[in-house]
Amino acid sequence: MTLTASVHRPETDDGTTAAGAETGPVAGPEAGPDPVAAATTATRPGSRSARTRDADGLAVASFVLGLVGLLVMNILLGPAAIVMAVIALVRSTSRRGRALLGLALGVADLVVLAFLVTGNGVVAWNFGG
């Protein structure tokens, strides 16, 4: 990337510019913005921002963790699903329904955990009689 700026050419007594004074690459705060960099950072009308894509990924992850948490490790996966769903909703995901499902499943994980602790007295699954 080359930044260019005009350089002041000193004038001689007869009103002409001195020889050898020319413009060249200049780096520093006085250089203007790079048009190539500005064009590559601009978003196209049809593209989604990286933040929305990240929020969509969080929504899907919260759904999957909440679903798996109903079966195993609900003490860890339930709260993780709740946190990811809330972050996805705060970042305004386009998959709002999936984030809400992840939130509901995370809460359901904690409810199942509460029933297991109340019924068995321990935080463990017991499939035996």
Side-chain angles (χ1 to χ4, degrees):
M1 174 168 75
T2 303
L3 300 175
T4 58
S6 61
V7 177
H8 176 69
R9 297 179 186 180
E11 293 185 7
T12 58
D13 291 338
D14 59 355
T16 60
T17 59
E22 56 188 30
T23 61
V26 176
E30 67 274 3
D34 187 14
V36 174
T40 57
T41 57
T43 58
R44 292 176 298 205
S47 68
R48 295 185 328 196
S49 69
R51 183 177 171 140
T52 304
R53 281 195 315 266
D54 290 344
D56 290 349
L58 284 171
V60 172
S62 71
F63 174 73
V64 170
L65 288 179
L67 197 58
V68 172
L70 287 174
L71 302 174
V72 293
M73 298 187 48
N74 48 4
I75 194 167
L76 297 175
L77 298 180
I82 292 171
V83 169
M84 286 184 176
V86 168
I87 291 172
L89 290 170
V90 167
R91 291 185 181 177
S92 64
T93 179
S94 62
R95 298 183 179 194
R96 185 173 173 79
R98 188 137 321 150
L100 290 173
L101 278 173
L103 181 64
L105 287 170
V107 170
D109 290 346
L110 296 180
V111 169
V112 167
L113 177 66
F115 280 124
L116 289 175
V117 169
T118 304
N120 295 340
V122 294
V123 182
W125 288 85
N126 187 6
F127 292 114

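For reference, positions follow the sequence shown, starting with 1.
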So, taking the atom named CZ in Arg96 and the one named CG in Leu103, what distance separates them when rounded to the nearest 0.5 Å? 10.5 Å
What is the distance from atom CG of Leu65 to atom CG of Asn74, rounded to the nearest 0.5 Å? 12.5 Å
May I ask you to test the Leu89-Leu100 pair for a side-chain heavy-atom distance under 4.5 Å? yes
Distance-only, no hydrogens or angles: does the Asp56 side chain make a donor-acceptor pair with backbone N or O of Ser94 under 3.5 Å? yes
For residues Thr93 and Ala99, report the shortest heavy-atom separation together with the two atoms involved. CG2-CB, 4.2 Å
Where Leu77 and Val68 come nearest, the two heavy atoms and their spacing: CD1-CG1, 3.8 Å
CG (Leu110) and CG (Leu105) are apart, to the nearest 0.5 Å, by 11.5 Å
Grab the two heavy atoms, one from Ala88 and one from Ala59, that are nearest each other, plus how far apart they are. CB-N, 3.7 Å
Of all heavy-atom pairs linking Gly106 and Ala81, the shortest is CA-CB, 4.1 Å
If you look at every heavy atom in Val112 and Leu70, which pair is closest and at what distance? CG2-CD2, 4.2 Å
Measure the CG-CG distance between Leu67 and Leu101 for me, rounded to the nearest 0.5 Å. 9.5 Å
Closest heavy-atom pair, Ser62 versus Met84, reported as atoms and distance to 0.1 Å, is CB-CB, 3.7 Å
